[in-house]
Amino acid sequence: MVFFFGIGQKGYIIERDSDIFIRADRFVMGYGYVIYPLFIQLIRTMIGPEYYLDAVFIIQGLISLVASLLLTLQLKKRYRLNYSVSVLLFLCSLGPYTYTLPEYVSSHCIMTESLAFPLFYIWIILAIFIYTDKKNSLFVLLILQTIILILSRPQLLFLLIVVILLAIERIVDCLVRNNPNKFRVISIVIVITVFLAIFSFPQIVRYSILPQLTDAVTGRVFCIANHEDAELFEGADKDLVKKLLTEIDTMGTSEEYFRDDIHRWEDIAHAINENTKYIGDAVGQYMIDDPRSSYEIKSELAYRLLVKHWDKYIYLTLPLLIQSLVVSVFYHPESAYVLGYIISVLIYVFGCCLAFVSVKKKACKIEYIIPFIISMLVLLTNAVVTNVVFMGLQRYVVYSFGCYYFSMIIMLVGVIRRDE
């Protein structure tokens, strides 16, 4: 309670994008952010327009607290942990909420992650128990929780990839062990997954992922485009590209203005964000008489430029990817970037070496290693997908900040108990 309500700035925090969630306008709902605006509107209906945001902040804090407690208690029960280790696990589970400190705890924000972080911990609990206790029937709940998370925060689309990989492993395990009963259960799960995907996934992709992908790619590819690239287009599109490139030069958000050092990711992230906003406004202003939608126009511009500059595009993505891997496990202090990178590498090396030795030398039972494997799968998939599809913002990649650490603690407990 002290952590969620007594540290940093008190009360709810309004960020730049908070207003679109509060108003639940068609733009944000059309981009796939469905559950959080409905959550706010439900509380407003129940509390009234005067104090509903205070209620949202309090309820978010309570949900976050309950999710961390539930995660801790479930792991304590499953791995027979003592009180001291359980407290340590609980403190680790607070990791995602700390990236905004010392200003405030992230659950204070009127933003989607305030609900997505605790919902993600429910997902983690389900994923761990499927594999440690061989409860394949929980896959249905895991899939439903994945869809809920994506509708809460479309950037969590990467969890679908993780679920597919986990399902493949279960199927292979059943076939190798020649277990027809488990195979039937998995087959039923697959049918349910396909059924849910048919009705939900295309809509999520069409109305959420593709528009955001287009914006991110357009903002990024215009960082590396040059004035000669206008010749790739004709007519109004050619004129638009010329105007965009001229203004981007004026804004200083093209590649030539980026620093060539460890701070480069900051310039790239800033440029992508500024370019995305400017291009969106410019397309709406200059192409008002064009029968194509804004999304179609930006898609065509991005596609042609990406085909020409795909190699530079990948090169531009790498600094963002490295930065995301850093902030996934450690703070990124602006005054000590190098130190943050070094500590992050050491954290990864320690965790991966511990897992490798535990498997290779059979230093502990596999159920103690499973949480770390799932955490690493989530971490790497999140970092790659987020930086290729979206913009790699810090709040997109801190989901594993807590589970990486408590999964390492569970591994250490397993190593200590190897002779039991």
Side-chain angles (χ1 to χ4, degrees), residues 3-67 94-121 148-157 204 207-209 211-212 215-216 219 269-270 272-281 284 327 382 386 389-399 401:
F3 175 81
F4 286 106
F5 298 104
I7 296 179
Q9 186 174 332
K10 307 301 185 292
Y12 63 84
I13 306 295
I14 298 295
E15 296 283 3
R16 185 181 65 183
D17 295 334
S18 296
D19 185 56
I20 59 177
F21 298 117
I22 294 171
R23 291 186 286 107
D25 60 19
R26 291 182 179 180
F27 172 79
V28 71
M29 298 288 278
Y31 261 54
Y33 296 91
V34 176
I35 291 179
Y36 192 63
L38 292 178
F39 167 72
I40 294 176
Q41 293 305 310
L42 175 63
I43 295 176
R44 179 171 183 169
T45 301
M46 296 173 61
I47 304 297
E50 188 173 357
Y51 298 109
Y52 76 100
L53 289 180
D54 296 285
V56 168
F57 144 68
I58 294 171
I59 293 172
Q60 286 177 171
L62 292 174
I63 291 174
S64 300
L65 175 60
V66 169
L94 303 179
Y97 305 101
T98 63
Y99 80 95
T100 49
L101 291 177
E103 286 79 11
Y104 53 87
V105 176
S106 67
S107 63
H108 290 217
C109 290
I110 307 299
M111 294 287 284
T112 54
E113 56 261 28
S114 298
L115 203 57
F117 287 157
L119 291 176
F120 171 72
Y121 276 156
I148 290 171
L149 279 164
I150 294 172
L151 292 175
S152 302
R153 189 165 183 76
Q155 290 83 358
L156 293 172
L157 175 74
I204 293 171
Y207 295 108
S208 175
I209 304 305
Q212 293 192 60
D215 282 344
H270 172 75
I272 293 172
N273 189 46
E274 294 301 311
N275 287 353
T276 299
K277 290 189 293 184
Y278 169 69
I279 293 169
D281 293 339
V327 299
N382 186 6
T386 297
V389 178
F390 304 110
M391 284 184 267
L393 299 179
Q394 186 177 21
R395 65 177 185 267
Y396 292 0
V397 293
V398 293
Y399 290 87
F401 199 102

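Along the sequence shown, residues carry numbers from 1. Quick caveat, the model's predicted, so the values are computed rather than measured.
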Checklist entry - Under a 4.5 Å cut-off applied to non-hydrogen side-chain atoms, are Y36 and V56 in contact? => result yes

Checklist entry - With side chains defined as the heavy atoms from C-beta onward, is the minimum distance between P118 and V66 less than 4.5 Å? => result no

Checklist entry - Less than 6.0 Å separating the ring centroids of F401 and Y99? => result no

Item to check | Side chain D54, main chain G11, donor-acceptor under 3.5 Å | outcome: no

Checklist entry - Hey, mind stepping through L149 and Y399 against side chain to side chain contact (heavy atoms under 4.5 Å, CB included) and telling me if it holds? => result CA-CA 12 Å; L149 279 164; Y399 290 87; 5.9 Å; no

Item to check | Gap between atom CD1 of I148 and atom CG of L156 - 0.5 Å precision | outcome: 12.5 Å

Checklist entry - Can L101 and F3 be said to form a side chain to side chain contact (heavy atoms under 4.5 Å, CB included), step by step? => result CA-CA 11 Å; L101 291 177; F3 175 81; 4.3 Å; yes

Next on the checklist: One pair to check against side chain to side chain contact (heavy atoms under 4.5 Å, CB included): S64 and F4. What are the steps and the verdict?
Outcome noted: CA-CA 8 Å; S64 300; F4 286 106; 3.4 Å; yes

Checklist entry - Under a 4.5 Å cut-off applied to non-hydrogen side-chain atoms, are I279 and D215 in contact? => result no

Checklist entry - What are the two closest heavy atoms between I43 and A55, and how far apart are they? => result CG2-CB, 3.7 Å

Checklist entry - What is the distance from atom CD1 of I13 to atom OG of S107, rounded to the nearest 0.5 Å? => result 10.0 Å

Next on the checklist: Any non-hydrogen side-chain atom of F120 less than 4.5 Å from a side-chain atom of P96?
Outcome noted: no

Next on the checklist: My understanding is that only residues two or more places apart in sequence, or in another chain, count here; which of them pass salt bridge (Lys or Arg N to Asp or Glu O under 4.0 Å) with K277?
Outcome noted: E274

Item to check | Verdict with supporting geometry, V105 and F5, side chain to side chain contact (heavy atoms under 4.5 Å, CB included) | outcome: CA-CA 8 Å; V105 176; F5 298 104; over 6 Å; no

Next on the checklist: To the nearest 0.5 Å, what is the distance between CE on M111 and OG1 on T100?
Outcome noted: 11.5 Å

Next on the checklist: Can you tell me how far apart OG1 (T112) and CD1 (I40) are? Round to the nearest 0.5 Å.
Outcome noted: 9.5 Å

Checklist entry - Looking at side-chain heavy atoms only, is the closest gap between L62 and F57 below 4.5 Å? => result no

Checklist entry - For the residue pair H108 and Y12, is the inter-centroid distance of their aromatic rings smaller than 6.0 Å? => result no

Next on the checklist: Would you compute the distance between atom CD1 of I63 and atom OG of S114 and round it to the nearest 0.5 angstrom?
Outcome noted: 10.0 Å

Item to check | All pairs passing salt bridge (Lys or Arg N to Asp or Glu O under 4.0 Å) where residues 99-113 contributes a residue, at least two apart | outcome: E113-R153, E113-R395

Checklist entry - In Å, rounded to the nearest 0.5 Å, how long is the span from CG of L65 to CD of Q60? => result 13.5 Å

Item to check | Minimum heavy-atom distance between V398 and V327, given as atom pair plus value | outcome: CG1-O, 3.8 Å

